[in-house]
Amino acid sequence: MSTPEKLLNLVFAVLLFFGVMGAILLLTQRLRSRNGERVQIAAFVGPSLLLVAVGLLYPAVTTIIQSFKNRALTEFVGLENYRAIFTDDSQLQVLRNTAIWVILTPVLATAIGLVYAVLIDKARFERFAKTLLFLPMAISLVGASIIWKFVYDYKATEQDQLGILNAILKSLGVDTYRFLLTEPWNTLFLIVIFIWVQAGFAMTLLSASIKAIPDEINEAARLDGASSLKMFRFITIPSIRPALIVVLTTISIATLKVFDIVRTSTGGNFGTSVLANEFYTQSFRAFQQGLGAALGTLIFVLVLPIVVYNIRQMRKLESR
Amino acid sequence: MTTTTPTIAPAQVEEPTGPPKSAAAAAHSTLTSRIGSGVALAIAVLWTIPTFGLLVSSFRPEGEVKTNGWWNAFANPSFTLDNYKAVITGSDVDLATYFVNSFVITIPSVLIPISLATLAAYAFAWMDFKGRHALFVAVFALQIVPIQVTMIPLLKLYVQPPLGLPQLAGANAVGGGFWTVWLSHSIFALPLAIYLMHNFMREVPRELIESARVDGAGHVQIFTRIMLPLLTPAIAAFGIFQFLWVWNDLLVALVFAGGNLDVSPLTVRLAALAGQRGEDWHLLSAGAFVSLIVPLIVFLAGQRYFVRGLLAGSVKG
């Protein structure tokens, strides 16, 4: 397709779309009767519900069913795929890696974001300082992986170094290190990339919630002679608890789905694969569709408790 | 709060309230604040250096990028735009096509879910119907279906659509693969978009809606005359959010553009570059910055809205 054709497609899609939306609004605006209002409601909610049902609900159900089928999805094999995940050595490693990712990333990203938010709160360069930490969010995970591949770059000790980390090691008189290839530590170095991306997100939310703490509470604590650390421990942390939980859960969900970093940095080789990457590899590269579906379902199962928790929070808020 | 940062913010040290501090307490707080600002500075530097290094590299001549570290560029400065030229127009790695693709993919993928979601969110927030709450919770819950799970079934639907609908992916597909990408991005964005828009709409005072109804305005008038103008910041917030997400996406494009390079966005090309030419740092670094520049502009221009959008979505949840 040539560029003008592509642009034509783009304009067509946008026009078609706003045409439909305009039609919904125009055609339903005269409806006032009770039945008319029903039609109006259906026109407002219908398209979204249809898309979500077709695009999310139906695939979720199908995938769960497929996870009990064989590699070509021709017959049911019961729990075979799940048994494979929990017994096969390379799959177990994937599970282990995923566990490490999900435990370390949210905790470290949140901790760094929190410390930074507290330290720069009301500082003169606050806005600028926040932008620095937040900027990686605007970079694609692919871009982030490239940036960090450069940081981690390996050359033999006697050569000139391109990667800053190995340059530092060399200047300290230590042998250079294959950050992305040496198992098992390479997983940790991949995690660092995702923490680098997510800390800004944590910082933004936590900073807003720190600013929402009433001044009187801080004043009272200071009058009582509380030190900075005590204030942090006994005033700041308890006050922003809800925000902390939200940040932790959001980053956990994002971590479970992490794909781009592993794909771009190591392709899942050298013992670094995680569930989301393994799902892609098995489904689209190895054509093990049943196993792939099982891996996908596993992500869903792991995320489920977090949804339930969120819905309960939402209910509480609505009933208030 | 202020006690932690006086070295960065001397203006804020003189608090009008509070008793005079003892010398020991003052010394103690100065010490902790010194350490505090040191830590903050260290984090800021650590967070900035990786990107900065790549930025410097992208302007260095190929020979130097490949033989010595980017920090040497300051001792012995020589900069060039050749890498950018090679990456943007070179026949080998022509990023310009992918750049166009990224735009063509992103714009409808932002506009479609926003318009659908504002309509649905309005209905959920201000129209009265049975099962409204349960439906809303269901839509919110679907946010958590991992994209990975949806891919194979969706792909099959696109290739072999039921009810004699036209094929959206595969050999006879219309639009050569863009439609599947647009549709998929829209679907994945809807639950969060509806949730965020709903939150913003509930903030509009009930009296405003009621008095409009008393004046004889229907839902469509209320939606277009009251909600849309009031919602402009929220729409901008989500628009930026969705823009960054779609622009930076790799997985959806990889799967639904089906490896068709003619419709693949920058990220797909970059990921391939990173795989094939792990050593061509001069091209990779320039390529990464070409893909970075648009989201960066969007992000910096709309930072205020973007942050607000994040807050409405999560802190309340």
Side-chain angles (χ1 to χ4, degrees), chain A residues 1 3 6 9-10 13-14 17 21 25 29 40-41 44-45 47-48 51-52 55-56 59-60 62-63 116 119-124 129 132-133 138-140 142-143 146-147 150-151 160-162 167 204-205 208 218 222 228 243 246 250 257 259-260 264 276 279 296 299-300 303 307 310-311, chain B residues 1-5 8-9 12 32 36 40 43-44 47-48 50-51 54 68-69 100 104 108 111-112 115-116 119-120 123 127 129 137 141-142 144-146 148-150 153-154 175-176 178 187 190 218 220 248 250-251 262 267 270-271 274 284 288 291-292 295-296 299 307 311 314-315 317:
Chain A
M1 233 188 311
T3 302
K6 285 177 188 167
N9 250 302
L10 163 75
V14 172
F17 200 72
M21 189 178 161
L25 289 175
Q29 71 172 334
Q40 201 172 31
I41 290 166
F44 271 54
V45 190
S48 291
L51 278 185
V52 167
L56 293 175
T62 330
T63 303
Y116 194 72
L119 291 180
I120 61 159
D121 193 50
K122 293 189 181 162
R124 212 184 332 159
L132 283 185
L133 205 67
I139 300 174
S140 67
V142 176
I146 291 174
I147 288 175
F150 200 43
V151 172
D160 271 339
Q161 298 300 316
L162 297 188
T204 310
L205 293 189
N218 289 305
R222 203 168 308 137
S228 310
V246 169
T250 312
K257 298 182 187 172
F259 163 80
D260 317 42
T264 325
F279 166 85
I299 302 178
F300 184 63
V303 178
V307 196
N310 269 295
I311 290 176
Chain B
M1 300 195 268
T2 45
T3 52
T4 51
T5 50
I8 312 182
Q12 241 121 60
T32 48
I43 295 177
W47 251 247
T48 314
T51 320
L54 202 74
N68 57 50
V100 172
V104 175
L111 293 179
I112 294 174
S115 34
L116 284 182
L119 278 177
M127 287 168 138
F129 58 98
V137 168
L142 281 175
I144 319 297
V145 176
Q148 285 90 350
V149 161
T150 68
L154 259 187
F178 280 125
I187 289 169
L190 272 176
V220 173
N248 288 336
L250 173 65
L251 185 59
D262 204 28
T267 42
L270 266 187
L284 259 185
S291 82
L292 240 164
L296 217 58
F299 173 81
V307 169
L311 294 177
S314 343
V315 167

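Residue numbers start from 1 in every chain, and the chains themselves are labelled A, B, ... in the order their sequence lines are given, proteins ahead of strands.
With a 4.5 Å cut-off on non-hydrogen atoms, A/F150 touches chain B through its backbone and its side chain both. At a 4.5 Å heavy-atom cutoff, the contact between A/F300 and chain B is made by backbone and side-chain atoms alike. If you measure heavy-atom distances from B/L142 to chain A, the contacts under 4.5 Å come from both the backbone and the side chain. The contact between B/V104 and chain A is made by backbone and side chain atoms together, counting heavy-atom distances below 4.5 Å. Heavy atoms closer than 4.5 Å to chain A are found in both the backbone and the side chain of B/I112.
The distance from atom CG of B/L250 to atom OG of A/S140, rounded to the nearest 0.5 Å, is 8.5 Å.
When every heavy atom of B/A40 is checked against every heavy atom of A/I120, the shortest pair comes out as CB-CG2, 4.1 Å. Scanning all heavy atoms of the two residues, the minimum distance from A/F44 to B/L119 falls at CD2-O, 3.3 Å. Between A/I299 and A/A276, the closest heavy-atom pair is CD1-CA, 3.9 Å.
In this structure A/I147 satisfies the side chain to side chain contact (heavy atoms under 4.5 Å, CB included) test together with A/I139, A/W196, B/P50, B/T51, B/L54, sequence neighbours excluded. With sequence neighbours left out, the side chain to side chain contact (heavy atoms under 4.5 Å, CB included) criterion links B/P153 to A/Y58, A/P59, A/T62, A/T63.
Your options are A/V303, A/V14, A/L132, A/L25, and the one with the most heavy-atom pairs under 4.5 Å with chain B is A/L25. The greatest number of non-hydrogen atom pairs below 4.5 Å with chain B, out of A/D260, A/D160, A/I146, A/V151, is found for A/I146.
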